[in-house]
There are 2 protein chains.
Amino acid sequence: MTIKEVAEAAGVGVATVSRVLSGGSASPETRERVLAVAAQLDYRPSALGRNLRQRRTGGMGLLVPDLTDTFYGRLAEGVLSCARTAGEPVMVGSTGGDPEQEAELIGMLLEQSVDRVIAVPAGGPDAWAPAIRSGMTVVFADRLPGEPASEDSEDSESGYDEPLDELEALDGLPRRARTPAAPDLPAVLADDRAGIRTAVRYLRGLGHREIAFLGNTGHASRVAAFREATDDGLVVLAEVSRDAAYAAASGLFQSNPDVTAVLAGGNVLGEAAVLAARELDLRIPRDLSLIMFDDVPWAELCAPPLTVISQPARDLGYRAAELVLRADGRRRPRSVLLPTELIIRGSCGPRLKK
Amino acid sequence: MTIKEVAEAAGVGVATVSRVLSGGSASPETRERVLAVAAQLDYRPSALGRNLRQRRTGGMGLLVPDLTDTFYGRLAEGVLSCARTAGEPVMVGSTGGDPEQEAELIGMLLEQSVDRVIAVPAGGPDAWAPAIRSGMTVVFADRLPGEPASEDSEDSESGYDEPLDELEALDGLPRRARTPAAPDLPAVLADDRAGIRTAVRYLRGLGHREIAFLGNTGHASRVAAFREATDDGLVVLAEVSRDAAYAAASGLFQSNPDVTAVLAGGNVLGEAAVLAARELDLRIPRDLSLIMFDDVPWAELCAPPLTVISQPARDLGYRAAELVLRADGRRRPRSVLLPTELIIRGSCGPRLKK
DNA sequence: CTGAAAGCGCTAACAG
DNA sequence: CTGTTAGCGCTTTCAG
């Protein structure tokens, strides 16, 4: 079933069929006839020809660290749902939070001429600059590309300084005040700064002083926000993986017996914290108060139910997809910051220990 | 950067470049030179041209009901991981368990000329027959396409009778004994029959007689297995969604106070069961024993920890991807059945109530 | 308003 | 072993 056969069957030229099918101009009668014939033959224009002609693959790419983490699952659902509405295909890749794998996947997308991607970045800005420079429209979700957070640095914005300069220079945009919360790269983010600030305040109100952050290597902004809210409280970081998360949590608890409250930077870390605490016979919330970033269904089933900072994961993906799809023009999409909310359940109590 | 420029730069014809890059024959010197030039220009052959030429898009499609459900997330990770190894792109679609959306996504894949797909089917065999007939290699995962399970039918195999005849006829294969457990369609499945049998036996051993199954509409084989193991025990079905699952669980408990044990057919249903039980003040395991199909990290965090039937979700996806990739020949891939395991934790107790 | 024609980048015959 | 050539199905000038 090619456009040619349809053209012949309708007694018109291929150009006319093409026009009609893509909403171009045509006399009502012709349009009618072509549409009828196409329907009758149930012709579907092949994306192959169109793609080659336009030198670009339709649809979009989606890169996430790990679909096993429900947060990214929800985010992906948001993207897919928006894409389905638009009838666009989505190529999905899982990076494992590893810049190398991410680079390979970017390469793959380039090879496929996918020129719109939404990504939860693993690598730094330098990993993305070439792709962006080559014309790819990328909208970041959940976080911006930056140097990985470090556990000891005193400079909470170190991950953003250089990268931002470089990327802003790319578009010749004016340099802006450096604000890790909303730098000048297209992104859809949760307002983790506010969420973390609220959570820390809440813990402080319960009397906690020794508060630790159990975070992801990749989430520089959360680490920064935590440092800012606590004046450089203890930070322990883990790579993307349940094992790493457990190891980090376990290490945190064992090496820092004076810590009375922990803020877990994601649901996998929260899960690891609960597990590790249980293993070490730390009672929640008596011995240890816990707040988890990202609300998940099981948080309520947990004993005790977990106090969480919820974030609109699905919307993050949906909005990012909208942005990347709308970005047909020359201008880069603007960023979006979505609200977070502290949901108090039963995993935090007054500080007793010490 | 086209193949032509590389050819010129290397002083050879485009065909030679093409050959060298796809491992064809060429004199060592030529190969060397071409490779060098290509590397130096960091040329990446465009998938666009190749796809059109070969009238097929590389890579594979993946259709799942819902990435929000960690089971499908894990399955998807398996697929992506295998695909990444092979350097193949994956187009992912989420069907919501809805045959209509599935049909649209199949249409999209057809339009993209994706001729290899792995799917957790929502629609029946008739939804897939056209695609398969048109040359698409599809490997099913987690379940086979079949009429949706029904809550009242006495015929546990009704979902397979017609469908199988039709699809087998497609390939002119000999008709086989109708066995819902491993029909003659390429598929990678968990051995839910064995898992459910074991679970039911375990519950029986604890004294339970009134055992109910809380299942998915789409999972006919689990319903069948449960009916077989219990001589038509009570079955309540829910669509794909947390709300539907909760409603079903709640309805089940309220309408059937004599039920002392429940087998939840998936992690979302298990979650709903725990929630609903809690809401109705049913104590687990005192008032109600619960076994959940599919092990998830939070099952251990739950109070009490959930006894589950674990299944190798990730392997399901990985193996399916392997099959679909290897299916380059004319023959259809054979099916695979992966083992399940009953993991006893704390959500089942002796029958006390009555 | 419509048709003819020129490719998009690549591979696979087919000659040489 | 290598170059030339003919398209794959589609969109898009460019004439008519």
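In what follows, chains are A, B, ... by sequence order, proteins preceding strands, each numbered from 1. Note that these values count all heavy atoms, side chains included, but never hydrogens, waters or copies made by symmetry.
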Atom pair CG (A:Asp66) and OG (A:Ser94), whose distance is rounded to the nearest 0.5 Å: 5.5 Å

Neighbour count >12 (heavy atoms, 6.0 Å) for atom CD, B:Glu100: no

Side-chain donor/acceptor of A:Gln101 to backbone N/O of A:Asp98, under 3.5 Å: no

Sugar-phosphate only, base, or nothing, as touched by A:Gly24 at under 4.0 Å among non-hydrogen atoms: nothing

Ionic contact status for A:Glu77 with A:Arg74, cut-off 4.0 Å: no

With B:Glu111 via salt bridge (Lys or Arg N to Asp or Glu O under 4.0 Å) - residues at least two apart: A:Arg44, A:Arg50

Rounded distance (nearest 0.5 Å) linking atom CZ of A:Arg19 with atom CZ of A:Arg31: 11.0 Å

First and last nucleotide of DNA chain C, 5' to 3', lying under 4.0 Å from heavy atoms of chain B: C:dG9 to C:dA13

Phosphate-side-chain proximity, B:Ser27 and D:dT2, N/O vs OP1/OP2 below 4.0 Å: yes

Salt bridge (Lys or Arg N to Asp or Glu O under 4.0 Å) involving A:Arg53 - partner list, sequence neighbours excluded: none

Residues that A:Ser18 engages under side chain to side chain donor-acceptor pair (under 3.5 Å), provided they are two or more places apart: none

Test side chain to side chain contact (heavy atoms under 4.5 Å, CB included) applied to A:Asp142 and A:Ile118, A:Val120, A:Leu189, the passing residue: A:Val120

Any protein N or O atoms within reach of nucleotides 8-11 of chain D? Criterion: under 3.5 Å, listing atom names and distances.
unit_1 : atom_1 : unit_2  : atom_2 : d
D:dC8  : O3'    : B:Arg55 : NE     : 3.1
D:dC8  : O2     : B:Arg53 : N      : 3.2
D:dG9  : OP1    : B:Arg55 : NH2    : 3.0
D:dG9  : N2     : A:Gly49 : O      : 3.0
D:dC10 : OP1    : A:Tyr43 : OH     : 2.5
D:dC10 : OP1    : A:Ser46 : N      : 2.7
D:dC10 : OP2    : A:Ile3  : N      : 2.4
D:dC10 : OP2    : A:Tyr43 : OH     : 3.3
D:dT11 : OP1    : A:Arg50 : NE     : 3.4
D:dT11 : OP2    : A:Ser18 : OG     : 2.9
D:dT11 : O2     : A:Arg53 : NH1    : 2.0

Bend angle of the helix from C:dC1-D:dG16 to C:dG16-D:dC1, from helix axes over five pairs at each end, nearest 10°: 40°

B:Leu338 and B:Leu316: CA distance, side-chain angles, deciding distance, side chain to side chain contact (heavy atoms under 4.5 Å, CB included) verdict: CA-CA 7 Å; B:Leu338 265 28; B:Leu316 251 42; 3.3 Å; yes

